[in-house]
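Protein chains get the first letters and strands the later ones, always in sequence-line order, with residue 1 at the start of each.
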Amino acid sequence: MASSASAAALLPLPSPSCSSSEDSDDGKHLPSPPAPEANTPPTQQQKRRRLERDYNVAMKALALAGDLDEVVAVFAELKRTAADGGDGGAPPNVLCYNTLVNALAEAGREGEALKAFDEMLASGVAPNASSQNILIKMHARRSEFDLAWELIHKSGVEPDVGTYSTLIAGLCRAGKIVEAWGVLDWMLEKNCRPMVQTYTPIVQAYCRDGRIVEAKLLMAEMERLGCLPNVVTYNVLIRALCDDDKFDEVEQVLMESSTKDWKPSTVTYNIYMNGLCKKGKAKEALELLDVMLGEGLEPTAYTWSILLNCLCHSSRLLDAIYLLERSTELKWYAGVVAYNTVMSSLCEMGKWRGIMKLLTDMIKKGIEPNTRTFNILIRSLCVGGKSSLAKSLIHSQGFAANVVTYNILLHWFYYHGKLAEANRLISVMEEKNIAPDEVTYTIIIDGLCRERKFDAATACFLKSLTSGLSMDVLTVLLNRLVYADKIWEINRIFDGKDFVPDHHVFDLTIRTFCRAGYCHYRTFYKLNLILDAMLKRNSLCAHYTMEYQTVEDHALGNTQAHMSGSGVEMPIPLVKRNRMRRNRSRKRSRMKVARRTGANEGIQRWIGRSRGLTAASPPVHRHCHCCLLPTATAKAFYLSPSPPLLPFGASHSFAKVCTIEAKARNKPATHSPLPKPYSPTLPPCSLPQKHRFNVVHTQPTWTGATDVVFFAL
DNA sequence: GTAGGGTTAG
């Protein structure tokens, strides 16, 4: 059964009332113009339409080839043609504008994209759903979800399945799976039916997080809903399985493809071969070429690149070079990518002379090197100790240096302690208007920290926030600061007005401190200080209620409850603060006894009791130490007549939250919850670990209702 | 003929 047909047949949803993409297409629902008779010359309007279509196809092809300037030029020509023609200088239609805006946005020229969009509006051309989706995609890529949101609400264009899918894809790409589920809920509320393109990004987000079990569960759910996963969805899964070394499972997935109504494509094999190659199984990867050919699948440029990479990784560099040279005989056009692949391998081996030779070869063949080719050359020169030559190359004509080029050199200078050179290069970047990216900031921050210039590194991080928070950059800085015991600087990070720590930041901070040994009871106060600073000024206060305790707090019977900054206090039924305060001295002595006697079980029971738990509670409950709950969940538990002991630990708890939340909204749950979004398995608690924290990050549920960070003793 | 999910070199 075709997936779309089965989706339509089985999905228990009313027909979408929102506009579909076809609805919004230009003129699709207008009465069709009369078909020209065989000997009637085409009308002016038909000629115009044909012209626009031809220009649009050309623009799309140029955009695909990456020739943006040419796209812009062709569009300008179309406008000129219109102005010179006899149709009163009508502007290009919405499809042509969409192609232009999309091409510019995809190339990272967002400013120009927005300008083109404004020009379209000024010309009186009404945007359609696609125009909106292109802009949403652009905003989502820049993590400007508020702008995307505003656009949807203010544009007046009814969102369609493409709009929601774009938003979901953007959220997933930004790691915001919970929010993506929220959008899915929202589109269901609007009676807009999800497609395989809507679910696949979520599957991918799970896979990217290494949450393959959940990805597979979602795929099973898709099947159940009649929205069958297609080859793209399976490709996402296969990639994750490869990354996880689960090649047997890949084989099984491929074996089952015929019964599951999907057919592996060249991309599937490309992913599989690349996965094998990355895990050192280049031989097996090369063998797959025959399997692929046997299935009648033609290798693409990607395939050849992967194969070349496999050869390089299996110490068959000469074979790779041979393959490059013989590519024409193999009816394969070895382009710049293929050359770059082999040159990268030579670079890793420090063979810069070999790179120079291949560069000459490709130029002789008429293959034009691109920026990446030069970057490989620059890197190889640095590795080969020819950094001065590399530096001079960057200024030579015909070489379009990009941010990667500067990153390579910056890394080299910092690595060798040449701070003055690095600073000069940063100035050149500024002069040439080359914006630093995440990697630049990582290199600079790491370099400065290595020179023990922690203050400058922190300032650099705060500056990086102007282009958005990068968890990678934060990870590097936090690691360095924590290991160097620079608590004041860490505090400064969380003082920045632009910085809004979310649960990922909390998680990272806690993990970093714990890994650096701050989980010991004597030093834990430092993490405590930082968490306090984070809580004081984070926007989570509006959405979250956080309550945490340290081991020592437990021992002393202190409970610090940090309540919502919005003034709405969320009662936490789990903590009986007053009773604890009354019994403080008794508990302190009990704790002392437990410690002295090494009665670990006693401590466990005590912690359990202090949290209103019974000895029969599953271990995960007794180990719980810190939790971060969205208000909605806290509310749900508060509303529940018989609240579960803790909002995590068993899947039925999640089901309960879902039901309660659905009831609160006076409507039935639209989905069946995905079972067991995580497995509550914790390492057994043993005495030597009593002062060590493990941070367990549970996964959000499908509703986005629960996202819990907690420590385990 | 526009948008919305997947693959290469770094």
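Listed nucleotides: B/dA3, B/dT7, B/dG6. Nearest to the side chain of A/N270: B/dT7. Each of B/dT7, B/dA9, B/dG1 was ranked by its minimum atom distance to the side chain of A/N56; first place goes to B/dG1. Listed nucleotides: B/dG5, B/dG1, B/dA9. Nearest to the side chain of A/R173: B/dG5. In the set B/dA3, B/dG4, B/dG1, the nucleotide with an atom closest to the side chain of A/V57 is B/dG1. Of the candidate nucleotides B/dA9, B/dA3, B/dG4, B/dA3 has the atom nearest to the side chain of A/D160. Distance from the side chain of A/V337 is smallest for B/dA9 among the nucleotides B/dA3, B/dA9, B/dG6.
The environment of CD in A/E368 is sparse: at most 12 heavy-atom neighbours from other residues, nucleotides or ligands sit within 6.0 Å.
Across the protein-nucleic acid pair, A/L100 atom CG and B/dG1 atom P stand 19 Å apart, rounded to whole Å. In this entry the distance linking CH2 of A/W304 with P of B/dT7 reads 21 Å, nearest Å. Atom CE of A/M219 and atom P of B/dG6 are 14 Å apart (whole Å). To the nearest angstrom, P of B/dG6 lies 14 Å from CD1 of A/I168. A/N340 has its CG atom 10 Å from the C1' atom of B/dT8, to the nearest Å. Taking atom CZ on A/R49 and atom P on B/dG1, their separation rounds to 13 Å, with Å as the unit. Between A/L307 atom CG and B/dA9 atom C1' the separation is 13 Å, expressed in whole Å. In this structure, A/E348 places its CD atom 15 Å from P of B/dT8, rounding to the nearest Å.
Across all strands shown, A/M195 has heavy atoms under 4.0 Å from base atoms, whether or not it also approaches the sugar-phosphate. Within the 4.0 angstrom heavy-atom criterion, base atoms lie near A/S305. Across all strands shown, A/V267 has heavy atoms under 4.0 Å from base atoms, whether or not it also approaches the sugar-phosphate. Counting any heavy atom pair closer than 4.0 Å across all strands shown, A/C96 reaches a base atom. Nucleic acid contact class of A/N274 (heavy atoms, under 4.0 Å, all strands): sugar-phosphate only. No contact: A/T163 has no heavy atom under 4.0 Å from any strand. Residue-level contact check: A/Q132 touches neither bases nor backbone, having no heavy atom under 4.0 Å from any strand.
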Acceptor/donor pairs from residues 374-384 of chain A side chains to any protein atom, 3.5 angstrom cut, sequence neighbours excluded:
residue: A/N375; atom: OD1; partner: A/T405; partner atom: OG1; Å: 2.7
residue: A/N375; atom: ND2; partner: A/N402; partner atom: OD1; Å: 3.2
residue: A/S380; atom: OG; partner: A/L377; partner atom: O; Å: 2.7

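A/N133 places a side-chain N or O within donor-acceptor distance of the main-chain N or O of A/A129, the cut-off being under 3.5 Å. Judged purely by atom type and a 3.5 angstrom limit, A/D54 has no side-chain atom pairing as donor or acceptor with the backbone of A/V57. Within the 3.5 Å criterion, the main-chain N or O of A/D472 finds a donor-acceptor partner in the side chain of A/S470.
When the side-chain nitrogen and oxygen atoms of A/N102 are compared with OP1 and OP2 of B/dT2, none of them lie within a distance under 4.0 Å. Under 4.0 angstrom from either OP1 or OP2 of B/dA3 there lies no side-chain N or O belonging to A/K137. In terms of phosphate contacts, A/K60 brings a side-chain nitrogen or oxygen within less than 4.0 Å of OP1 or OP2 of B/dA3.
Contacts between residues 232-245 of chain A and DNA chain B, defined by a heavy-atom separation below 4.0 Å, involve A/V232, A/N235, A/V236, A/R239, listed by number.
At a cut-off of 3.5 angstrom, the base of B/dG5 holds at least one donor-acceptor pair with the side chain of A/N230. Residue A/T268 places no side-chain atom within donor-acceptor reach of the base of B/dG6, judged by atom type and a 3.5 Å distance cut-off alone.
Side-chain rings of A/F75 and A/Y55 stay apart, their centers remaining 6.0 Å or farther from each other.
Relative orientation of the A/W186 and A/W149 rings is tilted, given thresholds of 30° and 60° on the angle between their planes.
Applying the side chain to side chain donor-acceptor pair (under 3.5 Å) rule to pairs touching residues 291-300 of chain A yields A/Y269-A/E295, A/T300-A/T303, sequence neighbours excluded.
Classification of A/E221 and A/R224 as a salt-bridged pair holds, one side-chain N sitting under 4.0 Å from a carboxylate O.
Residue ring and base: A/Y302 does not count as stacked with B/dT8 (centre distance below 5.5 Å and interplanar angle below 30° not both satisfied).
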